[in-house]
Each structure stands twice: as C-alpha cells, then as structure tokens.
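Some notes on the structure that comes next.
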Amino acid sequence: MTRTDQLFEAIQTYLDAIYFCDVERLDAVFHPASTLFDADNGEIFVDPIKSFRADVASRPSPASFNQKRHDEIITIDWLSPLSAVVKLRLHSRTSIFVDHLNFVWDEQKGWQIVAKIWHLEGTCALETIAA
C-alpha cells in the first residue's frame, strides 16, 4: 500500500470517528499531542485532543440518528512526502463543518493528525437514511 493510499485510509478513519463518535478511531488517527483550533466567535479557541476526545465520547453520533453521510475531500496539499494538509467538508447532525487536518507521517503509526483547524460553515437539516 502506498503512502497516498494510507493517507486516504487515515482520512476515512477520521471521518468514521466523527460519524460514529468513536474515540478509538480518534486515538488511531490523532497524535496524542495534537490540538484543535477555531476562531468562529472572533477569538481563537484552542482544544487539546484529550478535551475533544471527551466531547466526542459524550455526544450522540450522527450514526445513532441514521444520518445520511455527506463527507467530501476538497483538497490535499502535499507539503512533502511526509506531510500533507487535507481540507474536508462534512455534516455532523445539523452542522456543516470544514476541517483542515494537518497530517505527518510516523514510521510506526503511519499518518497522524497533529493539528486541526475547523470552521462551522453552516447548518443543515438532519437527513436520514431509510431503515
């Protein structure tokens, strides 16, 4: 499997972690020292991965609502063979997020997210899949 294939696999792990609110998947793809940032309220909000992990573990997952998935890779910017920035758009319940995920390659763990900058782009109806 190429590093590019492995990056796509890591992206899918991230998207699945958010969709299922699965902290084991978060642990698999986020570096333990990673940090998340946003500035939607006019000031920089910093969230260490441990705090984000606890938040994800405590919320109802989009999967629990049988939400139709809307995941989109917008761009991948290869900074080097060992680092990339991935821009995604995804729906989580009634929110639409745009994420910039900063990945670095680790020889033991593969692709790891070392930083995430996210933006609440808007809201949407909760579109579900027929059971």
Side-chain angles (χ1 to χ4, degrees):
M1 183 182 300
T2 68
R3 272 203 196 138
T4 300
D5 294 334
Q6 290 172 314
L7 179 61
F8 279 105
E9 190 174 273
I11 294 166
Q12 191 60 54
T13 298
Y14 168 77
L15 292 169
D16 289 346
I18 300 302
Y19 184 74
F20 294 104
C21 290
D22 183 336
V23 293
E24 289 180 13
R25 288 179 177 149
L26 282 180
D27 293 344
V29 75
F30 274 90
H31 186 277
S34 61
T35 306
L36 295 81
F37 301 88
D38 93 291
D40 285 341
N41 295 320
E43 45 186 88
I44 296 174
F45 174 77
V46 181
D47 197 15
I49 188 59
K50 287 182 183 181
S51 174
F52 178 65
R53 185 185 191 280
D55 178 52
V56 169
S58 70
R59 64 175 118 154
S61 71
S64 70
F65 294 103
N66 212 23
Q67 182 174 14
K68 183 177 178 183
R69 289 185 74 157
H70 293 280
D71 305 333
E72 171 188 8
I73 298 173
I74 299 169
T75 60
I76 298 176
D77 183 6
W78 290 95
L79 304 175
S80 77
L82 303 175
S83 59
V85 177
V86 176
K87 182 178 180 180
L88 304 171
R89 180 176 288 111
L90 61 120
H91 292 198
S92 182
R93 297 179 313 273
T94 59
S95 298
I96 303 168
F97 292 100
V98 175
D99 294 343
H100 282 203
L101 306 176
N102 297 275
F103 282 92
V104 294
W105 176 259
D106 178 273
E107 287 298 329
Q108 281 72 48
K109 295 184 178 184
W111 290 105
Q112 296 278 282
I113 300 169
V114 295
K116 171 182 167 178
I117 302 173
W118 59 274
H119 166 66
L120 176 62
E121 187 176 66
T123 58
C124 58
L126 182 64
E127 193 177 346
T128 59
I129 303 166

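Reckoned from all heavy atoms, side chains included, excluding hydrogens, waters and symmetry mates.
- Checking side-chain atoms of Ser61 against main-chain N and O of Ser64 turns up a donor-acceptor pair under 3.5 Å.
- Between His91 and Glu127, the side chains place no donor N or O within less than 3.5 Å of an acceptor N or O (distance only, hydrogens not considered).
- Taking hydrophobic clusters as Ile, Leu, Val, Met, Phe, Trp and Tyr residues chained together by side-chain heavy-atom distances below 4.5 Å, Val56 shares a cluster with Leu36.
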Applying side-chain contact (heavy atoms from CB on, under 4.5 Å) to Asp47 and Phe37, what does each step give before you reach the verdict? CA-CA 6 Å; Asp47 197 15; Phe37 301 88; over 6 Å; no

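- Listed here is the closest heavy atom pair of Lys109 and Asp106: N-OD1, 2.7 Å.
- Within the cation-pi definition used here (under 6.0 Å to the ring centroid, within 45° of the axis), Arg69 qualifies as a partner of Tyr19.
- There is a path of hydrophobic side-chain contacts, each under 4.5 Å, that joins Ile18 to Phe8.
- For the residue pair Ala115 and Ser34, the shortest heavy atom distance occurs at N-CB, 4.3 Å.
- Nearest heavy-atom pair, Arg93 versus Pro60, reported as atom, atom and distance to 0.1 Å: NH1-O, 3.1 Å.
- In plain terms, the two heavy atoms of Ile74 and Arg89 that are nearest each other are CD1-NH1, 3.6 Å.
- His70 is not listed as a side-chain neighbour of Cys124, based on a closest heavy-atom distance of 4.5 Å or more.
- Trp111 and Ile73 fall within the same hydrophobic cluster, defined by Ile, Leu, Val, Met, Phe, Trp and Tyr side-chain heavy atoms under 4.5 Å apart, directly or through other members.
- With a 4.5 Å cut-off on side-chain heavy atoms, Val85 and Leu79 count as touching.
- Side-chain contact between Leu7 and Trp78 is present, with heavy atoms from C-beta onward closer than 4.5 Å.
- A donor-acceptor contact under 3.5 angstrom links the side chains of Ser83 and Ser80, judged on distance only.
- Other residues, nucleotides and ligands contribute only 12 or fewer heavy atoms inside 6.0 Å of the CG atom of Asn41.
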Can you list the steps and then say if Asp40 with Phe45 is a side-chain contact (heavy atoms from CB on, under 4.5 Å)? CA-CA 8 Å; Asp40 285 341; Phe45 174 77; over 6 Å; no

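- A salt bridge links Arg25 with Asp22: at least one charged nitrogen is closer than 4.0 Å to a carboxylate oxygen.
- The two residues Leu126 and Gln67 come nearest to each other via the heavy atoms CD1-CD, 3.5 Å.
- Annotation: side chain of Pro81 is not in contact with side chain of Trp105 (no heavy-atom distance under 4.5 Å).
- Inter-residue side-chain proximity for Phe52 and Lys116 is flagged as met; some heavy-atom pair is nearer than 4.5 Å.
- Taking the side chain as every heavy atom from C-beta outward, Phe103 and Val29 approach each other to under 4.5 Å.
- Using a 4.5 Å cut-off on side-chain heavy atoms (C-beta onward), His31 and Ile49 make no contact.
- Checked by atom type, the side-chain pair Tyr14/Asp99 shows a donor-acceptor distance below 3.5 Å.
- At least one side-chain heavy atom of Ile11 sits under 4.5 Å from a side-chain heavy atom of Ile76.
- Hydrophobic clustering (ILVMFWY, side-chain heavy atoms < 4.5 Å, transitive): Ile129 and Phe65 are in distinct clusters.
- Here Thr13 contributes atom OG1 and Glu24 contributes atom CD; the two are 12.5 Å apart, rounded to the nearest 0.5 Å.
- A donor-acceptor pair under 3.5 Å is formed between the side chain of Gln112 and the backbone N or O of Ala28.
- Note on Phe30: it does not cluster hydrophobically with Val114, by side-chain heavy-atom contacts below 4.5 Å among ILVMFWY residues.
- Closest approach of Thr123 and Ile96 over heavy atoms only: O-CD1, 3.7 Å.
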